[in-house]
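The next block holds one structure in the form of structure tokens; read it before the comments.
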Amino acid sequence: MSDGATGSTEQTPAYRYDAVMAGDIERRWQKYWAENGSFYAPNPVGPLADPARSVPEDKLFLQDMFPYPSGSGLHVGHPLSYIATDVYARYNRMNGRNVLHTMGFDAFGLPAEQYAVQTGTHPRSTTEANIERFLAQIRQLGFGHDERRRFATTDVSYYRWTQWIFLQIYNAWYDDQQQKARPIDELIAEYAQGTRPTPDGRGWAELSTVEQRKVIDSHRLVYQSEAPVNWCPGLGTVVANEEVTPDGRSDRGNFPVFRKNLRQWMMRITAYADRLVDDLDRLDWPDKVKTMQRNWIGRSVGANVYFPVGEHRIEVFTTRPDTLFGATYLVLAPEHPLVEQITGAVWPANVDARWTGGAADPAAAVADYRRAVSLKSELDRQENKDKTGVFTGAYATNPVNGKEIPVFIADYVLMGYGTGAIMAVPGHDQRDWDFAEEFGLEIVRTVQPAEGFDGKAFTGAGPAINSGFLDGMDVEEAKQAIVDWLAERGFGVGTTEYKLRDWLFARQRYWGEPFPIVYDEHGMPHPLPADQLPVELPDVPDYAPTSYDPDDADTEPNPPLAKATDWVEVELDLGDGPKKYRRDTNVMPQWAGSCWYQLRYIDPSNDEAFVAAQNEQYWVGKRPAEHGANDPGGVDLYIGGVEHAVLHLLYARFWHKVLFDLGHVSSEEPYRRLVNQGYIQAYAYTGARGSYVPAEDVSEQDGKFFYQGEQVRREYGKMGKSLRNVVTPDEMCEQYGADTFRFYEMAMGPLEVSRPWATKDVVGAQRFLQRLWRNVVDEQTGEPRVSDVDPTENDLRALHKAIAGVREEFSELRFNTGGAKLIEFNNHLTKVYAGADATPRALVEPLVLMLAPQCPHIAEELWQRLGHTESLVHGPFPEADERYLVDETVEYPIQVNGKVRARVTVPSEAGQDEVRAAALADEKIVEILAGEQPRKVIVVPGRLVNVVA
RNA sequence: GCCCCCGUAGCCCAACGGCAGAGGCAAGCCGCUUAAAACGGUUCAAGUGCCGGUUCGAAUCCGGUCGGGGGCACCA
């Protein structure tokens with residue numbers, strides 16, 4: 001055994017900083033911090049306020065993405081971002097800011113439930129055990145979390161408020177005029193007063209109670225609809241669009257998903273589509289994430305155009321109304337409701353044989369085609385982009401020029417987007433071009449392609465041609481002109497379409513938040529009043545929804561809660577006396593709990609409100625003075641993986657905006673700044689039969705890899721049990737100590753970048769801490785080896801350069817380069833003072849303080865050994881003295897034509913002319929110039945001189 | 001197919017358009033040691049994936065290309 005992985009032996013000094021001593025120090029300081037509440041961040045008001053003093057104005061709220069407490073425990077990749085946030089938190093805390101940092105658990109969800117199904121263990125027991133295990137793992141890493149603010153989404157005291165927020169959303173409607181959500185009572189009042197007409201024009205009072213309810217319910221932000229949803233028999237539940245992968249499987253579990261018409265709870269996120277897109281501009285988020293959200297919402301501006309077909313009218317959506325003159329046919333989605341009505345009885349004379357699908361008449365062709373399409377899987381449709389379709393036998397009239405154009409059905413047009421019908425402009429849309437080529441349809445260009453364009457469909461900009469009154473206009477002009485023209489004549493209207501669909505909110509599972517909804521004898525839903533919350537999850541005999549063959553689409557959801565009949569049947573007084581009701585047996589999706597947890601961190605034990613207004617304003621309120629006039633507020637820094645770019649972050653923004661509209665929060669966005677951390681990946685090795693071998697036992701020789709003498713193949717990817725390449729933080733703490741592990745993880749590279757794990761490199765971090773320790777403490781006696789000797793000028797320069805550098809790097813989250821500057825300064829101390837009796841205290845103390853964010857335990861220990869009685873959790877963090885940052889002389893490299901040929905040293909206050917003169921006087925330069933006058937001399941102050949000969 | 005990110009010593013990574021190296025690992029050598037480990041010192045090592053452009057000057061900016069990673073994908 002070696003590598004510093006073992007404890008002291010008889011030869012090693014008694015006070016060497018090794019893994020055993022590190023462990024001892026770490027446990028001691030973790031205990032100290034816990035007992036002293038070192039990381040408690042005071043609130044302005046409420047149970048977590050400090051009555052003795054007011055809160056500092058300067059605050060920082062930072063947050064890690066909600067962990068799911070998995071049963072398999074953490075590997076070294078998981079804590080990467082937790083360490084980064086902790087370093088940043090500690091750095092800011094030492095600078096005197098009030099720092100809120102904690103971590104709770106997103107603990108509802110499938111794994112605990114599936115485990116329960118297999119073993120009969122209650123999901124709550126599994127969840128609690130997993131949380132304990134998770135806490136044990138992260139606590140040994142010494143994070144400065146405010147322990148008072150921890151909670152799990154499964155706590156009744158938490159999900160009570162999740163249900164409360166659900167009711168706020170349920171009891172609200174979106175006012176398109178005001179562009180905001182308003183309480184449903186205000187809508188009822190508008191109807192009752194007659195300021196808003198009822199759908200069928202009758203007076204409000206003429207409607208029955210049930211009719212009134214139906215009108216109101218149709219406006220709510222939470223509503224039930226009978227619509228095609230994603231039914232996943234393998235999970236026994238429906239899932240949201242966002243949870244379906246491109247190949248038509250479930251995000252969780254990878255089971256087939258089928259479109260099926262079911263009555264389900266939806267949330268009207270589409271009402272917020274514009275604000276969700278527009279407000280991205282107000283956020284300090286990675287462009288990548290913003291782009292993903294924009295694409296997901298998929299706003300496109302265009303027009304609906306009406307094409308007469310006999311007595312019918314086909315409405316198409318297009319983003320290119322300017323190309324209307326080039327529309328040479330229409331295409332309907334095969335499922336389009338107008339298809340039956342327009343399909344002709346017989347083929348027109350001389351119909352193109354390619355158009356008929358070989359059928360005797362249009363009805364047969366349509367029926368055959370629809371059958372063929374319904375048999376295609378999502379995957380088939382995606383992999384096979386050959387254009388197929390059939391002619392309906394009908395012709396539509398192009399309103400702009402009166403031309404009769406054929407109407408097709410084809411599966412490249414989707415029922416779920418726009419109007420389910422398109423005008424095909426093959427000249428300017430590649431899909432239409434492909435179809436037109438396949439079926440021999442006319443192609444008309446209406447935009448002059450760019451010079452030298454030799455492609456097929458031209459999608460670029462250019463002047464309109466073949467377009468009557470539009471000719472000569474550019475694309476934007478033409479769009480505007482044609483939309484006006486259509487609108488004046490009633491042939492169309494400008495519109496905006498979105499890819500975003502409403503959020504399917506119900507799951508037929510057990511381990512989730514129950515809905516605070518009951519049904520009366522008419523089957524009408526009633527929201528519970530807030531004072532009847534929480535609705536607690538009942539115990540059930542069986543946690544599983546009725547399970548099905550994953551491939552059997554002809555099945556129906558049957559939630560586990562339906563089996564809890566004592567719970568489902570309930571007598572309540574909802575204002576008109578005690579009556580019998582049935583509870584809703586759905587549960588909320590796992591995303592519900594993570595939609596608002598940032599707000600609960602602020603005020604976790606508040607029983608009166610989900611968060612107190614003053615606390616919300618303090619921690620996440622808008623701060624235009626700091627962040628600009630357009631600041632939407634939100635958590636100051638949110639770090640997590642990019643995998644949540646759409647789902648979680650979109651839902652959380654949606655909820656937050658509803659809460660803002662209803663006046664419950666002052667901030668408009670949950671997360672002001674977002675950073676995505678990279679992943680720690682790992683090598684895995686496969687043997688001859690393709691099975692994985694334990695990565696830790698593989699050795700390298702000449703670029704080849706061997707396991708037990710046999711050559712193995714290396715792959716790079718995730719860390720995971722099945723790949724047999726897991727390294728855990730527990731092992732690292734045991735072999736090196738938490739501080740070494742923390743330092744190494746930060747040193748590996750920039751936070752945002754993924755990189756491979758290399759256990760063999762960890763020792764570098766340990767050696768650094770050992771050297772540092774040795775510069776402060778005598779390894780033989782354990783006594784501090786510092787002196788009150790004044791540092792030299794040279795020492796002070798090194799020190800203050802380090803301070804300035806570390807401050808800059810830490811405030812930009814560059815902990816890799818920040819750590820390197822600490823090493824650099826420590827190397828300086830080692831070089832100068834390792835041979836001496838002691839190191840000047842004036843150099844050692846700032847170093848210990850600067851080490852504290854990354855390696856807090858050893859820093860506290862050294863700080864105490866240096867004679868301090870106060871913990872350094874609250875600083876101070878050293879300040880650089882400008883005096884020592886400027887050198888007295890500067891060495892300038894002298895380039896001739898960009899190549900370094902000589903160097904001169906001049907006083908740092910020398911002006912450009914002096915530097916220039918010194919450069920030209922250098923004998924090597926004189927030699928090179930050989931009497932010629934240089935054409936140009938560039939002096940970059942403080943950098944270099946370039947002589948252009 | 002479209003979009004985004006990344007290619008720098010054997011490896012992980014630094015470098016406001018200005019001397020390619022801050023830091024760590026590995027390798028070599030020296031010291032300490034009976035010896036080894038540990039420790040300390042020291043050395044070696046790439047011209048920045050490739051081609052072209054802009055510039056006095058390019059790892060950095062621009063265009064193209066190759067390789068790796070990620071996202072979207074018949075969304076009209």
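Per chain, numbering begins at 1; letters A, B, ... match sequence-line order.
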Between [X] and [N], is there a contact of a side-chain N or O with OP1 or OP2 at under 4.0 Å?
X         : N      : answer
Gln770(A) : C39(B) : yes
Asn827(A) : G24(B) : yes
Ser300(A) : A76(B) : yes
Arg771(A) : G24(B) : yes
Lys831(A) : U42(B) : yes
Arg903(A) : C19(B) : no

Counting the atoms with a prime plus P, OP1 and OP2 as sugar-phosphate, which does Asn295(A) contact under 4.0 Å by heavy atoms, base, sugar-phosphate, or nothing?
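Counting heavy atoms under 4.0 Å across all strands, no contact is made by Asn295(A).
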Aromatic rings Phe743(A) and Phe768(A): how do their planes relate, parallel, tilted or perpendicular, breaks at 30° and 60°?
tilted
With Lys387(A) as the cation and Tyr412(A) as the aromatic partner, state whether NZ or CZ is under 6.0 Å from the six-membered ring centre and within 45° of the axis.
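Verdict for Tyr412(A): a cation-pi partner in Lys387(A).
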Distance-only donor-acceptor test, Arg774(A) side-chain atoms vs C39(B) base atoms, 3.5 Å:
no
For Tyr685(A), which residues count as a ring pair (Phe, Tyr, Trp, His ring centres under 6.0 Å) partner, sequence neighbours excluded?
Phe705(A)
Can you tell which of [options] lies closest to the side chain of [X]?
X         : options                : result
Thr830(A) : G41(B), C39(B), G23(B) : G41(B)
Val413(A) : C56(B), A76(B), A38(B) : A76(B)
Lys936(A) : C19(B), C56(B), A76(B) : C56(B)

From CD (Glu497(A)) to OG1 (Thr319(A)), nearest 0.5 Å
10.5 Å
In terms of the nearest nucleotide of RNA chain B, which residue is placed more toward the 5' end: Ile823(A) or Met292(A)?
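In this pair, the answer is Ile823(A).
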Which nucleotides of nucleotides 4-14 of chain B have their base under 4.0 Å from a protein heavy atom (B), which only their sugar-phosphate (S), and which neither (-), written as one string 5' to 3'?
--------SSS
